[in-house]
Amino acid sequence: EVQLVESGGGLVQAGGSLRLSCAVSGVTDDNYSLHWFRQVPGKEREGVACISAFDGSVHYPDAVKGRATIASDTAKSTVTLQLNSLKPEDTAVYYCAADYAGVCEAYMDSSYDVEPDYWGQGTQVTVSS
């Protein structure tokens with residue numbers, strides 16, 4: 001069973017930086033894509049970052065491209081999300097997720113209906129202006 005637990009959220013000033021961490025357990029092979037999502041009340045879930053299960057490449061939507069960095073250790077025991085130049089619109093609950101044989105390109109394409117297999121409980125990020 002794959003479990004994910006996020007930490008590192010908090011209150012930060014606009015323009016600041018924050019690093020989120022996700023502790024991953026139960027991964028028995030290398031074939032999981034790893035993701036960060038965020039969600040605010042009244043809005044659709046938004047993908048923030050993805051690391052490919054196939055080649056380790058990283059993917060970001062335009063909203064965070066250039067400001068977000070996803071990374072994991074070799075064993076995929078920890079997944080981090082570094083967020084820089086934070087904006088008030090970055091305020092959300094951030095979730096890490098894992099998808100067996102997940103394809104990052106599909107998550108970056110709004111016409112492709114995909115869902116991760118496993119989710120964490122989320123960590124709140126609040127950016128003050």
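If you chain together ILVMFWY residues whose side-chain heavy atoms come under 4.5 Å of each other, Val5 ends up in a group of its own. Taking Ile, Leu, Val, Met, Phe, Trp and Tyr as members and joining any whose side-chain heavy atoms lie under 4.5 Å apart, directly or through other members, Leu11 forms no hydrophobic cluster with any other residue.
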Inset, instruction - Under the side-chain contact (heavy atoms from CB on, under 4.5 Å) rule, what do Tyr112 and Glu105 come out as? Steps first, then yes or no, please. - result: CA-CA 9 Å; Tyr112 202 88; Glu105 288 85 350; over 6 Å; no
Inset, instruction - List the steps, then state whether side-chain contact (heavy atoms from CB on, under 4.5 Å) holds for Val2 with Asp117. - result: CA-CA 9 Å; Val2 177; Asp117 296 312; over 6 Å; no
Legend entry - side-chain contact (heavy atoms from CB on, under 4.5 Å) assessment of Leu81 paired with Val79: CA-CA 7 Å; Leu81 180 69; Val79 185; over 6 Å; no
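Sorted by first and then second residue, the disulfide bond (SG atoms under 2.5 Å apart) pairs with a member in residues 89-129 read Cys22-Cys96, Cys50-Cys104; sequence neighbours excluded. For residues 53-89, there are no ring pair (Phe, Tyr, Trp, His ring centres under 6.0 Å) pairs, not counting sequence neighbours. Applying the ring pair (Phe, Tyr, Trp, His ring centres under 6.0 Å) test to pairs two or more places apart or on separate chains, those with a residue in residues 86-109 are Tyr32-Tyr100, His35-Tyr107, Phe37-Tyr107.
Shown here for Ala92 and Arg38, the closest heavy-atom pair between the two residues is CB-CB, 3.7 Å. When all heavy atoms of Pro61 and Gly47 are compared, the pair lying nearest together is CG-O, 3.0 Å. Taking every heavy atom of both residues into account, Ser33 and Gly102 meet most closely at OG-CA, 3.3 Å. Nearest approach of Ala63 to Glu46, heavy atoms of both residues: CB-OE2, 3.4 Å.
Between atom CG of residue Leu20 and atom OG1 of residue Thr80 there is a gap of 9.0 Å, rounded to the nearest 0.5 Å. Atom CG of Leu4 is separated from atom NZ of Lys76 by 11.5 Å, given to the nearest 0.5 angstrom.
Taking the charged nitrogens against the carboxylate oxygens, Lys87 and Asp90 have no contact shorter than 4.0 Å, which rules out a salt bridge.
Residue Gln124 qualifies as enclosed at atom CD: its count of foreign heavy atoms under 6.0 Å is above 12. Residue Glu115 qualifies as enclosed at atom CD: its count of foreign heavy atoms under 6.0 Å is above 12. More than 12 heavy atoms of other residues, nucleotides or ligands sit less than 6.0 Å from atom CG of Asp73.
For the side-chain contact (heavy atoms from CB on, under 4.5 Å) with Val12, the qualifying choice from Thr126, Leu86, Thr91 is Leu86, the only one to do so.
Grouping the Ile, Leu, Val, Met, Phe, Trp and Tyr side chains by contacts below 4.5 angstrom, directly or via other members, places Val114 apart from Leu34. Residues Tyr118 and Ile51 share a single hydrophobic cluster, defined by chaining ILVMFWY side chains whose heavy atoms lie under 4.5 Å apart. Cluster membership check: Val48 shares its hydrophobic cluster with Val58, using side-chain heavy-atom separations under 4.5 Å among Ile, Leu, Val, Met, Phe, Trp and Tyr.
No donor-acceptor pair closer than 3.5 Å links the side chain of Gln39 to the backbone N or O of Val93.
Not counting sequence neighbours, the partners of Asn84 by the side chain to side chain donor-acceptor pair (under 3.5 Å) test are Ser17, Gln82.
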